[in-house]
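Bear in mind that the values here come from a model prediction, so they are computed numbers and not experimental data. Index from 1, following the sequence.
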Amino acid sequence: MNNALRHRALAAAIACVITSIATAPTFAQEAAAPPQKATTLDKVMVTGSRIKSAEVATQVPILTMNSADIQRAGLTSIGDILKQLSSSGSSLNTKFNSAGNFGFPPDGSGVGSGSSTLDLRNLGAKRVLILVDGIRWVNESSASGVSAAVDMNTIPVGIIDRIEVLQDGASALYGSDAIAGVVNIITKKSQDGGAASVYFGNYNNRNGGDTKNADLSFGAKGDRYNFFVDFGYVKQDAISSGDWAQAGAECVPGTGLDNCSSATPTGRFMFNDPLGNYHSVTLNGPITGTAQYPADFHPFTSADRFNFAPFNLLLTPSERKSVFAQVDYNITANTTWYVRGLYNRRTSMNQAAPEPIFLGPGAGTGSLADSVGVDVTNPYNPFGYTLDADPSTGNLIMIGRRPVEGGPRQYSQDVDTFYFGTGLQGSFGIGTRNFYWDVNFASGNNRATQTVRGTYNIAHIQRALGPVANCTAPCVPLNLFGGPGSITPEMLNYIQYTEHDRSENTIRLWTANLTGELFDLPAGPLSFATGYEHRNYTGSYEPDAVVVAGESNGVPSLPTSGRYSINEYYVELNAPLLRDVPAFKALDLSVATRYSDYSTFGSATNNKYGLRWQIVDDLTLRGTWAEGFRAPSIGEVFGSPARFDATLQDPCSAPIANTQTAANCAAMGIPASYSQPNPQISVRTGGNVALKPEESRSLTWGAVYSPSWAENVAWSSKLDFTFGYYKINIKQAILAPDAQTQLNRCVDSGSLTSPYCVGIHRNATGNIDGFNNTLQNLGQVETSGYDIGVQWRGPETAIGQFTAGLQGTHVIRYEAKNETGNLEPRAVGIEVTNSAIPSWASNLSLGWQRGAWNVDYKLRYISGLREDCAAASGYPICSNPSEVTADRPGGTNYLSAVTYSDIRASWKLPIALNLSVTAGINNLFNKAPPICLSCSLNGYDAATYDLPSRFSYLQLNLKF
């Protein structure tokens, strides 16, 4: 729809507000207040509407968590707390040990090591808008790219008064990114005196993972001011993957060493001898002196592979320090000035096994390493001839050597977040009507450095292996042929280097808003809100100079930088259409539109329509229809070419059980003897300057029922039921094709000219040495489902007061289609690419309070999943090998449903000090996550399940 048509549609809708009744329904998460109570409410603004009005405050579909709800979770990261929402999907958290193991995802965002992001509706963290006090927060950076998502760990838990979660599209109100929903974190404005808390938690069934938290805050309120200051500290220790057998014993559970690395401490050497005979050999063991060929070697088998799993981490260490302060000052009776600021510092670390060195054309790294061989004059060369890496005429296929002498790879991040905001807000009257206004400025900066230890300079390796005459000081000839201990400290000093990478994200914004009532309609006043917003974004990623030069043995990448600006204008109207007539206790129609002008791609207009129908005091129906969009981020547009080492199963890797697949591979010229050397295949990632914005349409409808027959009776003080349906359709979705699916379709076609084979290149050995996986406006994503909720509060009795609550989400449909209409593998009930979409997720909470005691019990349910057996195909651990589909060609493995139990108790001590003690256990019955065969690390999906351990914690809270 072009802009002219959009504006005509908006004009017609506004006319409809004043003259007629619209036909779209809506839904909310909390009960509507009866009209007789609404007149006593103060005018407020809530997430999902810009109109400041008591009536509108009961219309928007939001879920609210107050500070008490946050404390009940017993967690120290707001990202981990929000992850427990039933509508939350798979997202990054500190259980991901991803830095360096895989490389750079296709969106240019970087690995995000140590970050915690939030996904709603399984649409990705980039499609959730994060606000703090109604203002956009700065996106994260972890020195590996330019992200389009917010790190929730940059927002300390101790500063939060409440969280409002709008699970509805709201681009017409807030602009880009608000496709899946909006999270507005409301900070504390004041406090009566001081407060301090200390917290200690421990994973009882694991070694490590101790979590410590301390918070000190104080505040006050006077006639013309209020202020709040908070100091926070969180420290989380690491847990090694080797501490859990499922994670550390095998690279893929149930497959022994078969899926582990061919880069071993004793080396793997694949070459053709001068007579043209093929060899794939490894050392018999460590060598004293110089290795002799063939006496010291034997044919390489899977029994020689290297198990890298125990070097990884189940939980990454992290330390966060923060200070936050804000002041409100009443300049006049109707004008308030505020200023707030935050500084948050995070230090975190990821770890991987000692870095493998792959050399020769069979390495398929797409870097200098593919052209590195071993000269005959290298004093440690045992073969008596040069191993030539020329892909056309050379005899070297691949060398894989893992120098354990260099120690594990460690990626240490230092991330600083700065935020400053200030503004004026106030009110004025015209006649009998009041108007409310605010002007705001905010500046956010997230700056990160990453230090990588245990990595190698491939140019130095090339010189150290080349003609010995060229290896002059400081070069030291390198011994790859002696096994563990043969690489001396002098050799390491020459080939190793310390890598330093940097990245930064900034936002600057100015906003102005006005809300009030225009005039009276027969059913009440027509309310409005309007405003203007200007934002500037800049982002950059600067890898180490060795990486930029292409001389790093690690994952290659290039610098990225970009900037853009936006000017936006919006208007929102809310009209009461009917009041107190039969079947219409209240009927309200809302309309909103937002015009956005981007410096990168042009302009867009998005509209939203909503209807609230309160049939009687007890029952309210709601519905919205909204247009949305998401502008491509700096990383997505300007991201430079990089590499991602995806865990893929090559269908052409011998042995091939399927005769048709074998025939297809032969038709494509792949040798029958080809065997995939490693479980990871390098794919090329990067941004795309031709990307267009995503566009979305969302529909919600539902009901809220708060029966009066359950209010203030013998068995109930309050009872609320909620039901809501949602449907979201995204067009021009910015995605990279699923690499495994593309590879499967390429092989299924049996032709190198197939469109699915475009961008996939194999060398003469059959090994994939080129795979283009850059971003595209892939096609469309459509998802639908419904939410249910029940909240009950019992009466106060002699034995205390009981509460119960149920929150659940059922995903009916999730489909992603590429530009040719083919379905991508991600779907409801499927585990793929380290993420899952359970059909059902729900939380059941039970509470009891009596005097100084509070006890809460919570059940968290995740329904069962299916996945491709992938690299475990043919092994007994694959639970149903006969269930084969296009997306599960290796058979199907079932991940059983999981229910976690959490318990928490709090007691306010009967002493003069205002001191309370809280103790709790999460995962009370030590439920282990189901085995995941297709996941990249640790044999389970860290985005969906808890760590395999009970977690106990103790907290002391003091107010003074």
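Of all heavy-atom pairs between Q413 and S142, the closest is CG-O, 4.1 Å. Contact record, P693 with N777: O-ND2, 4.5 Å, taken as the closest heavy-atom pair. Closest approach of S88 to L118, counting heavy atoms only: OG-CD1, 3.8 Å. When all heavy atoms of K608 and A172 are compared, the pair lying nearest together is CB-CB, 3.7 Å.
For the side-chain hydrogen bond (donor to acceptor under 3.5 Å, both in side chains) test, no residue two or more places apart in sequence or in another chain qualifies with N213. Not counting sequence neighbours, the partners of Q410 by the side-chain hydrogen bond (donor to acceptor under 3.5 Å, both in side chains) test are Q351. Every residue meeting the side-chain hydrogen bond (donor to acceptor under 3.5 Å, both in side chains) condition with E782, not counting sequence neighbours, appears here in chain and number order: N729, R813. Judged as a side-chain hydrogen bond (donor to acceptor under 3.5 Å, both in side chains), and not counting sequence neighbours, the contacts of T154 are W137.
Residue K321 qualifies as open at atom NZ: its count of foreign heavy atoms under 6.0 Å is 12 or below.
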### Task
Starting from the C-alpha separation in whole Å, work towards a yes-or-no answer on side-chain contact (heavy atoms from CB on, under 4.5 Å) for I70 and I160.
CA-CA 9 Å; I70 294 170; I160 300 174; 3.6 Å; yes

Can you give the donor-acceptor pairs under 3.5 Å from side chains of residues 555-563 to other protein atoms, not counting sequence neighbours?
unit_1: S557; atom_1: OG; unit_2: Y541; atom_2: OH; d: 2.8
unit_1: T560; atom_1: OG1; unit_2: S640; atom_2: N; d: 3.0
unit_1: T560; atom_1: OG1; unit_2: S640; atom_2: OG; d: 3.3

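S443 and R508 share a side-chain donor-acceptor pair at under 3.5 Å. Looking only at atom types and distance, the side chain of N553 has a donor-acceptor partner in the side chain of E355 under 3.5 Å away. Side-chain atoms of Y338 and N440 include a donor-acceptor pair closer than 3.5 Å.
With S141 as the partner, the side-chain hydrogen bond (donor to acceptor under 3.5 Å, both in side chains) test is satisfied by one option alone out of N445, N505, N446, T449: N446. Results of the ring-ring contact (aromatic ring centres under 6.0 Å, His included) test with Y343 over F420, F418, Y419 single out F418 as the only residue that passes.
One N or O on the side chain of S77 and one on the backbone of G79 form a donor-acceptor pair closer than 3.5 Å. In this structure, E627 contributes its side chain and N607 its backbone to a donor-acceptor pair below 3.5 Å.
Taking the centre of each ring, W337 and Y329 stay at or above the 6.0 Å mark.
At least one cation-pi condition fails for R340 and F324: the charged atom is not both under 6.0 angstrom from the six-membered ring centre and inside a 45 degree cone around its axis.
The closest side-chain heavy-atom distance from S348 to E319 is not below 4.5 Å.
Applying the ring pair (Phe, Tyr, Trp, His ring centres under 6.0 Å) test to pairs two or more places apart or on separate chains, none has a residue in residues 147-173.
In this structure, F629 and Y598 have perpendicular ring planes: the angle between them is above 60°, well past the 30° mark.
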